[in-house]
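Small disclaimer: the values here were computed from a predicted structure and weren't measured.
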Amino acid sequence: MTPPSTFSFDAPGDAERAAELRRVKALATLVLASTLLLFVVAKSLLNVHPVFGFIAAFAEAATIGGLADWYAVVALFKRPLGLPIPHTAIIQSNQARIADKLGEFIQVHFLEAGPVEAKLKEIDFGSFVADWLRDRKRSDDLARFALRLLPEAFSATESSGLMTFIIRRMSSQLQAIDLAPLAAGTLRGFVAERRHQVLFDDLLRVMHDTLTGKETMAMIREKVRAELPTLLRLYRADKFLVNKIVASATAFFEEVRSDPKHPFRGEFDRMVLTFVDRLGTDQTYIDRIDGLKRDLLARPELADLARTVWANTRSFIERSASGETQVLQHHLAGMFVAAGEALAGDAELRGEINKGLVTVLRSFVADQKSGVSTFISDQVKSWNMTQLISLIEINIGRDLQYIRFNGSLIGGLAGLALYTGEFLLRLL
């Protein structure tokens with residue numbers, strides 16, 4: 001079992017309050033002793049003068065009232081004079097019931113959905129997060145804390161077998177991806193943005209530069225010369241033909257490049273779109289792409305590359321966590337600050353964060369409030385009641401002692417009033 005909880009009495013002002021309580025207790029006891037002594041003296045002087053009857057009545061009732069209130073105050077916390085009188089030491093005797101009722105009270109009146117939600121809505125969580133992240137020192141501390149955790153996370157991932165699970169899971173997910181429709185959709189978007197025409201212009205430029213190159217023209221001339229009759233070779237017809245072919249081709253390329261609506265561009269569009277459509281629907285293309293995917297994923301070089309990337313990443317993280325390099329920490333801190341700045345400037349996002357956190361915390365409190373009630377009840381039941389009562393007395397005992405003063409005064413006045421009434425009745 002958990003040992004009873006203990007309390008310390010070194011809170012600010014406790015020593016002064018304890019001294020004041022002892023002083024008031026002593027004064028209340030002195031008042032009680034004084035009324036008792038006054039009663040005895042007044043009783044002994046009744047024959048001297050009738051006024052002592054009034055004094056004795058006041059003192060007697062004041063003593064009784066003071067004793068009654070002393071008993072009431074003491075019985076609240078402990079047994080008067082240590083006697084096992086029923087219905088005394090009320091707090092100690094009802095510790096379990098007080099604990100249960102306190103837990104129930106907290107659950108019913110403090111943790112209900114309505115009050116909890118209303119209180120949570122008063123808190124601007126989004127602004128708090130934004131202000132916290134915008135502070136450079138806090139972001140640096142957060143980045144440093146995250147970096148300290150990362151090496152342990154890497155080690156846990158490797159030692160727990162999670163890494164193997166992740167690799168298998170990623171491999172199965174990659175195997176399940178149908179690349180043909182994905183590639184077709186990507187190319188269709190590429191064409192819709194006319195980016196293929198930019199590629200086409202680059203291709204025309206490359207073909208133009210290639211055809212006009214000296215080496216290319218010499219090679220074409222040799223091919224043409226080899227096919228010409230001997231008579232034409234004598235007149236160097238090969239050079240004339242090559243120059244005409246190249247000039248015509250380059251003129252055509254320049255014409256296509258300078259005219260965005262040239263028919264040849266339309267033909268290129270149809271050719272590309274036809275290829276895209278076949279890529280997404282033709283089973284031959286689908287099978288080829290799927291085979292390439294399987295072959296690529298089966299390559300041992302890919303596994304080696306993954307291990308190398310993992311090892312290098314881990315090494316970099318460990319060096320960053322040890323302080324050997326500050327690059328990653330500065331980068332993370334900058335990301336946190338930038339996130340804080342972005343959040344501070346986005347009221348809609350802050351509102352969504354607040355709404356989401358209110359929903360989450362409200363549900364959490366609703367789910368856990370019975371546990372909170374039980375926790376409070378168990379804690380109160382485990383308290384050391386002797387120390388708790390001392391703590392209560394230190395904080396409210398001074399006011400309770402004034403009940404004794406009031407009891408003596410009110411009791412004395414009541415006794416005096418009754419004695420006066422009796423005295424007047426005797427005179428009639």
Go through the steps for Gln329 and Ser320 under the test side chain to side chain contact (heavy atoms under 4.5 Å, CB included), then give the verdict.
CA-CA 7 Å; Gln329 180 180 326; Ser320 299; over 6 Å; no
Derivation of the salt bridge (Lys or Arg N to Asp or Glu O under 4.0 Å) call for Arg17 and Glu20:
CA-CA 5 Å; Arg17 284 191 288 269; Glu20 178 65 12; over 6 Å; no
Evaluation steps, side chain to side chain contact (heavy atoms under 4.5 Å, CB included), between Ile123 and Phe128:
CA-CA 9 Å; Ile123 305 173; Phe128 173 79; over 6 Å; no
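Atom CZ of Phe364 sits about 12.0 Å away from atom CG of Leu120, to the nearest 0.5 Å. Here NZ of Lys25 is found 10.0 Å from CG of Leu400. Values are rounded to the nearest 0.5 Å. To the nearest 0.5 Å, the span separating OG1 on Thr374 from NZ on Lys369 amounts to 12.5 Å.
In this view, Ser139 satisfies the side chain to side chain donor-acceptor pair (under 3.5 Å) rule with no residue, not counting sequence neighbours. Checked against side chain to side chain contact (heavy atoms under 4.5 Å, CB included), Leu349 has the following partners two or more places apart in sequence or in another chain: Leu343, Asp346, Ile353. Legend: residues meeting side chain to side chain donor-acceptor pair (under 3.5 Å) with Lys119, ordered by chain and number and at least two apart, are Glu122. Every residue two or more places apart in sequence or in another chain that forms a side chain to side chain donor-acceptor pair (under 3.5 Å) with Gln401 is listed here: Arg404. Every residue meeting the side chain to side chain contact (heavy atoms under 4.5 Å, CB included) condition with Pro151, not counting sequence neighbours, appears here in chain and number order: Ile317, Glu318, Ala321. For Lys43, the side chain to side chain donor-acceptor pair (under 3.5 Å) criterion is met by no residue, not counting sequence neighbours. Listed by chain and residue number, nothing satisfies the side chain to side chain contact (heavy atoms under 4.5 Å, CB included) test with Val40 (two or more places apart in sequence, or in another chain). Looking at residues two or more places apart in sequence or on another chain, you find a side chain to side chain contact (heavy atoms under 4.5 Å, CB included) between Ser373 and Gln107.
Residues in residues 354-363 take part in these side chain to side chain donor-acceptor pair (under 3.5 Å) pairs, two or more places apart or across chains: Glu117-Arg362, Asp124-Asn354. A side chain to side chain donor-acceptor pair (under 3.5 Å) check over residues 410-422, counting only residues at least two apart or in different chains, returns the pairs Glu422-Arg426.
Counting heavy atoms of neighbouring residues, nucleotides and ligands inside a 6.0 Å radius, atom CE of Met335 does not exceed 12 of them. By the 6.0 Å contact criterion, CZ on Arg136 is enclosed, its count of non-hydrogen atoms from other residues, nucleotides or ligands being greater than 12. Atom NE2 of His262 has more than 12 heavy atoms from other residues, nucleotides or ligands within 6.0 Å. Heavy-atom contacts from other residues, nucleotides or ligands closer than 6.0 Å to CD of Glu348 number 12 or fewer.
Phe336 and Leu133 make their closest contact through O-CB, 3.5 Å (heavy atoms, listed as atom of the first residue, atom of the second, distance). The two residues Ser377 and Ala99 come nearest to each other via the heavy atoms O-CB, 3.4 Å. Pairing each heavy atom of Ser127 with each of Arg350, the nearest pair is OG-NE, 3.5 Å.
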Per-pair distances, 0.1 Å, donor-acceptor, side chain in residues 140-147, under 3.5 Å, sequence neighbours excluded:
| unit_1 | atom_1 | unit_2 | atom_2 | d |
| --- | --- | --- | --- | --- |
| Asp141 | OD1 | Arg144 | NH1 | 2.8 |
| Asp141 | OD2 | Lys137 | NZ | 3.2 |

May I have the list of side-chain donor-acceptor pairs in residues 52-75 shorter than 3.5 Å, sequence neighbours left out?
| unit_1 | atom_1 | unit_2 | atom_2 | d |
| --- | --- | --- | --- | --- |
| Thr63 | OG1 | Thr35 | O | 3.4 |
| Thr63 | OG1 | Thr35 | OG1 | 3.0 |
| Thr63 | OG1 | Leu36 | N | 3.3 |
| Thr63 | OG1 | Ala59 | O | 2.7 |
| Asp69 | OD2 | Gly407 | N | 3.3 |

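Residues Phe125 and Leu361 have side chains in contact (heavy-atom distance under 4.5 Å, counting atoms from C-beta outward).
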